[in-house]
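Okay, structure first, notes after.
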Amino acid sequence: MVIEGNDQMQFNKSELKAVAGKPIKLTLKHVGTIPKEAMGHNLVILEQGTDEGAFAAKAIEAKATDYIPASEKASIVAHTKLLGGGEEDTIEFTIDKKGTYNFLCTFPGHVAMMKGILIVE
């Protein structure tokens with residue numbers, strides 16, 4: 001499955017679907033042209049029940065680790081690298097538990113527009 005992020009701070013999908021217990025291969029493509037220092041995108045999938053707002057607030061402080069807060073590692077199912085325009089990253093992971101998992105971009109200011117859900121059936 002492929003999801004794109006652009007220079008207008010948008011993912012091209014707000015909903016992804018997967019099957020519980022089966023490997024998930026997810027590629028994030030940054031289809032814009034702006035470098036990651038100014039318009040970086042990543043995709044972080046959160047465990048069910050994680051407070052998205054609180055997570056995003058901690059992520060803003062985690063510039064040294066590409067806005068992936070080490071203190072919140074237990075809340076993260078999987079995440080891509082931080083990408084700039086023209087870059088892409090593919091991750092592989094498996095979710096065993098059916099449900100709805102939030103995903104978001106943790107670059108400062110992006111979470112308001114760059115988020116969605118992964119439905120695991």
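No hydrogens, no waters, no symmetry mates; every other heavy atom, side chains included, goes into these values.
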| Side-chain donor-acceptor contact under 3.5 Å, Y101 with E47 | no
| message | Are I76 and I117 connected into the same hydrophobic cluster when the rule is that any two of I, L, V, M, F, W, Y join if their side-chain heavy atoms are below 4.5 Å apart? | response | no
| request: Mind telling me whether F107 and Y67 have parallel, tilted or perpendicular rings, with 30° and 60° as the class edges? | output: perpendicular
| query | Roughly how far, to the nearest 0.5 Å, is CE of M113 from CD of Q8? | reply | 8.5 Å
| task | Kindly indicate whether the side chain of E15, heavy atoms from C-beta on, has any atom under 4.5 Å from the side chain of I119. | result | yes
| task | With rounding to the nearest 0.5 Å, note down the distance linking OG1 in T80 to NE2 in H41. | result | 10.5 Å
| request: Evaluate the salt bridge (charged side-chain N to carboxylate O under 4.0 Å, His left out) criterion for residues K36 and E87: first the C-alpha distance (whole Å), next the side-chain angles of each, then the deciding distance (0.1 Å), finally the verdict. | output: CA-CA 9 Å; K36 73 177 179 182; E87 297 179 329; 5.5 Å; no
| said: Nearest 0.5 Å, please: how far is CD in E88 from CD1 in I3? | reply: 13.5 Å
| field | Spacing of CD1 belonging to I60 relative to NZ belonging to K58, to within rounding of 0.5 Å | value | 12.5 Å
| request: Kindly compute the distance separating NZ (K98) from CD (E121), expressed to the nearest 0.5 Å. | output: 8.5 Å
| said: Would you say that N6 contacts M39 through its side chain, given a criterion of any heavy-atom pair below 4.5 Å between the two side chains? | reply: no
| note | Sequence neighbours excluded, the answer for salt bridge (charged side-chain N to carboxylate O under 4.0 Å, His left out) partners of E61 is none
| Any N12 side-chain heavy atom under 4.5 Å of V31 side chain | no
| Has K13 got more than 12 heavy atoms of other residues, nucleotides or ligands less than 6.0 Å from its NZ? | yes
| request: Output the distance between atom CG (L83) and atom CG (N42), rounded to the nearest 0.5 Å. | output: 7.5 Å
| field | Hphob cluster co-occupancy, V77 + V44, side-chain heavy atoms under 4.5 angstrom | value | no
